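Everything on this sheet refers to the single structure shown next.
Treat the numbers as computed from the prediction; the structure is a model and nothing was measured.
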Amino acid sequence: MEAAYKKPEHEPNGWKSKSSMPSLPEVHHSMHVPKKAGFFRKLLAFVGPGYLVAVGYMDPGNWATDLAGGSQFGYTLLSVILISNLMAILLQALSGRLGIVTGRDLAQACRDHYSKPVSFALWILCELAIAACDLAEVIGAAIALNLLFGMPLIYGVILTSIDVLLVLLLQKKGFRYIEAMVISLMALIVICFVMELIFSRPDFAAVAAGFIPRTEIVSNPAMLYIALGILGATVMPHNLYLHSSIVQTRKIEPTIEGKREAIKFSTIDTTVALMLALFVNAAILILSAAAFHSAGKEVAEIQDAYHLLGPMLGTGAASILFAVALLASGQNSTLTGTLAGQIVMEGFLNIRLSPWLRRLITRMIAIIPAVIVIGIYGESGATDLLILSQVILSLQLSFAVIPLVKFTSDRKKMGVLVTPKWMVILSWIVAVVIAGLNAYLLYTTIFG
């Protein structure tokens with residue numbers, strides 16, 4: 001594989017070393033992009049990576065905040081979800097641009113730019129963030145299995161480890177199979193929530209008004225805290241590493257025009273996929289507002305929402321659809337989290353391990369703490385572990401966002417395809433806002 005790799009043409013000279021090995025070498029440039037084809041046929045060739053990324057924006061770690069926001073404050077915080085999503089679209093577009101232009105993923109770029117000690121520290125922080133994300137996803141899937149089939153949480157956690165084998169099997173068949181599975185599970189989640197919205201019959205005028213930002217969100221301390229929770233988890237750090245890698249599965253023309261075209265189609269793919277993620281997150285909050293807020297019930301626990309939905313909406317199907325969507329969300333997220341773990345380990349450390357061993361290590365980092373805590377403390381321990389995972393995630397986020405914005409705004413590293421000035425300004429604003437919100441959220445979580 002190494003001998004067959006060719007350095008991308010027009011690679012800018014702002015890097016200390018040449019990009020020697022591709023990211024995810026087993027699937028790098030494995031998907032053909034037609035050279036002479038119409039707009040929609042070319043777009044179809046690029047559809048996929050955006051959906052793998054969008055999975056992280058509807059993972060079980062986000063559900064509790066959306067449920068709490070809807071049950072406590074009705075539709076008011078929909079504007080926060082919308083703003084969060086716009087931030088996500090911007091940063092994921094930068095991530096895709098980095099991978100397409102430089103032929104490096106974000107981990108490889110960090111290893112090249114920073115000293116070995118700094119790069120190693122960033123790797124440790126990123127591994128912690130991936131483990132934290134994975135933890136939320138594993139526990140979310142286990143809770144869904146418990147709700148649907150009565151399976152004990154500890155068995156559900158162990159069962160989620162089969163995705164290691166699933167990713168290996170699908171990747172051997174081709175990366176398109178992984179994308180197809182992720183998109184299928186996402187479609188299932190969307191269908192479940194369309195049905196939930198039909199059952200809950202929300203006030204659509206109030207829903208529309210909820211997307212307009214209000215000063216009350218800032219002036220009300222309780223509302224601000226939930227809003228910070230939603231904004232604080234805006235961008236999953238592992239998604240930035242993941243996206244900068246998987247865009248390179250497309251075999252594009254290694255020219256300025258070829259890369260410019262790839263950036264355009266990749267951005268469209270990401271934007272559409274993240275708008276679906278916006279629908280899911282908004283639907284969770286709308287469902288919670290329609291079912292619980294109107295009845296004066298505050299719900300933050302996923303299990304409580306499941307048990308209350310059926311009686312309050314007058315149909316048991318509401319609870320079942322909720323749990324099915326949660327299971328699909330958890331399984332989808334663990335698939336993409338496993339891939340991200342491989343990308344980060346290889347990119348930062350520049351090591352090559354057997355695919356099964358890499359994925360086994362990634363999965364064990366998340367599963368072992370979950371099994372131990374659930375085994376000792378039970379269901380309450382799982383909830384505490386979810387909270388801890390979000391704190392760890394908040395702490396690490398800026399260590400991924402700031403390098404990404406820095407690299408993509410550097411003409412020496414990006415050449416003529418450097419990020420446009422208006423995007424650079426917006427990106428730095430977003431980076432500062434996210435850093436500030438996460439610092440505040442972390443402070444209030446620790447010190448109350």
Side-chain angles (χ1 to χ4, degrees), residues 6 8-10 19 22-58 85-86 88-106 170-171 173-187 190 235 238-279 332 335-336 339-340 343 404 408 414-420 423:
K6 293 181 180 179
E9 291 180 23
H10 309 288
S19 50
S23 186
L24 288 179
E26 54 266 40
V27 292
H28 183 79
H29 283 180
S30 61
M31 299 175 65
H32 176 70
V33 175
K35 293 180 182 178
K36 295 181 180 179
F39 177 86
F40 289 105
R41 191 178 162 202
K42 277 204 170 182
L43 177 60
L44 188 62
F46 283 94
V47 168
Y51 292 85
L52 268 70
V53 166
V55 162
Y57 295 92
M58 57 178 79
N85 209 72
L86 295 175
I89 289 172
L90 176 64
L91 292 175
Q92 292 299 161
L94 293 186
S95 178
R97 178 182 288 265
L98 177 70
I100 290 167
V101 174
T102 68
R104 303 167 191 263
D105 59 52
L106 182 56
L170 292 174
Q171 197 156 298
K173 290 178 172 291
F175 199 73
R176 203 54 155 172
Y177 283 87
I178 292 180
E179 293 178 345
M181 180 176 178
V182 166
I183 291 171
S184 299
L185 286 172
M186 189 180 292
V190 170
V235 182
H238 74 279
N239 268 345
L240 301 177
Y241 293 95
L242 176 70
H243 199 195
S244 61
S245 173
I246 58 178
V247 290
Q248 297 178 54
T249 55
R250 272 57 183 177
K251 188 172 177 58
I252 63 172
E253 286 294 305
T255 61
I256 297 298
E257 283 310 311
K259 291 178 180 181
R260 184 172 279 123
E261 181 182 66
I263 290 169
K264 178 181 73 173
F265 285 117
S266 173
T267 303
I268 294 171
D269 171 49
T270 304
T271 303
V272 173
L274 287 179
M275 291 309 289
L276 281 177
L278 168 65
F279 167 78
N332 239 357
L335 280 171
T336 56
L339 279 173
I343 291 159
L404 174 66
T408 52
M414 301 290 287
V416 296
L417 295 175
V418 65
T419 306
M423 279 185 74

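Take Arg260 and apply the salt bridge (Lys or Arg N to Asp or Glu O under 4.0 Å) test, not counting sequence neighbours, and it matches Glu257. Asn332 pairs by the side chain to side chain contact (heavy atoms under 4.5 Å, CB included) definition with Val55, Val182, Leu185, Met186, Leu335, not counting sequence neighbours. Residues meeting the ring pair (Phe, Tyr, Trp, His ring centres under 6.0 Å) test with Phe265, sequence neighbours left out: Phe39, Phe46. Shown here are the salt bridge (Lys or Arg N to Asp or Glu O under 4.0 Å) partners of Lys36, two or more places apart in sequence or in another chain: there are none. Remark: Ala37 pairs with Pro34, Arg41, Lys42 by the side chain to side chain contact (heavy atoms under 4.5 Å, CB included) rule, at least two apart or across chains. Scored by the side chain to side chain contact (heavy atoms under 4.5 Å, CB included) test, Val418 finds Arg411, Met414 as partners (sequence neighbours excluded). The side chain to side chain donor-acceptor pair (under 3.5 Å) search around Ser245 returns Ser23, not counting sequence neighbours.
Residue Arg97 comes nearest to Thr419 through the heavy atom pair CD-OG1, 3.5 Å, listed as atom of the first residue, atom of the second, then distance. Closest approach of Ile246 to Phe175, counting heavy atoms only: CG2-CZ, 3.6 Å. Across all non-hydrogen atoms, the minimal contact from Ser244 to Leu98 is CB-CD2, 4.5 Å. The two residues Leu52 and Ile178 have their closest heavy-atom pair at CD2-CG2, 4.3 Å. When all heavy atoms of Ile100 and Ile252 are compared, the closest pair comes out as CG2-CD1, 3.9 Å. The two residues Val47 and Arg250 come nearest to each other via the heavy atoms O-NH2, 2.9 Å.
A distance of 6.5 Å separates CD1 of Ile343 from CG of Asp105, quoted to the nearest 0.5 Å. Remark: Leu90 CG to Gln92 CD distance equals 10.0 Å, nearest 0.5 Å. Note that the NZ atom of Lys259 and the CD atom of Glu253 stand 11.5 Å from one another [nearest 0.5 Å]. Interatomic distance, Asn239 CG to Thr336 OG1, rounded to the nearest 0.5 Å: 6.5 Å. Leu278 contributes atom CG, which lies 9.5 Å from atom CE of Met58 (distance to the nearest 0.5 angstrom). Here the OH-CG distance, from Tyr57 to Asn85, works out to 8.5 Å after rounding to the nearest 0.5 Å.
For the pair His29/Thr249, no side-chain contact is recorded, criterion being any heavy-atom separation below 4.5 Å from C-beta on. Contact of the Ile89 side chain with the Met275 side chain is registered, since non-hydrogen atoms from C-beta on lie closer than 4.5 Å.
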Derivation of the side chain to side chain contact (heavy atoms under 4.5 Å, CB included) call for Leu24 and Gln248: CA-CA 9 Å; Leu24 288 179; Gln248 297 178 54; over 6 Å; no
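Note on residues 46-55: no pairs pass side chain to side chain donor-acceptor pair (under 3.5 Å), not counting sequence neighbours. Legend: side chain to side chain donor-acceptor pair (under 3.5 Å) pairs involving residues 262-279, not counting sequence neighbours, sorted by first then second residue: His243-Thr270.
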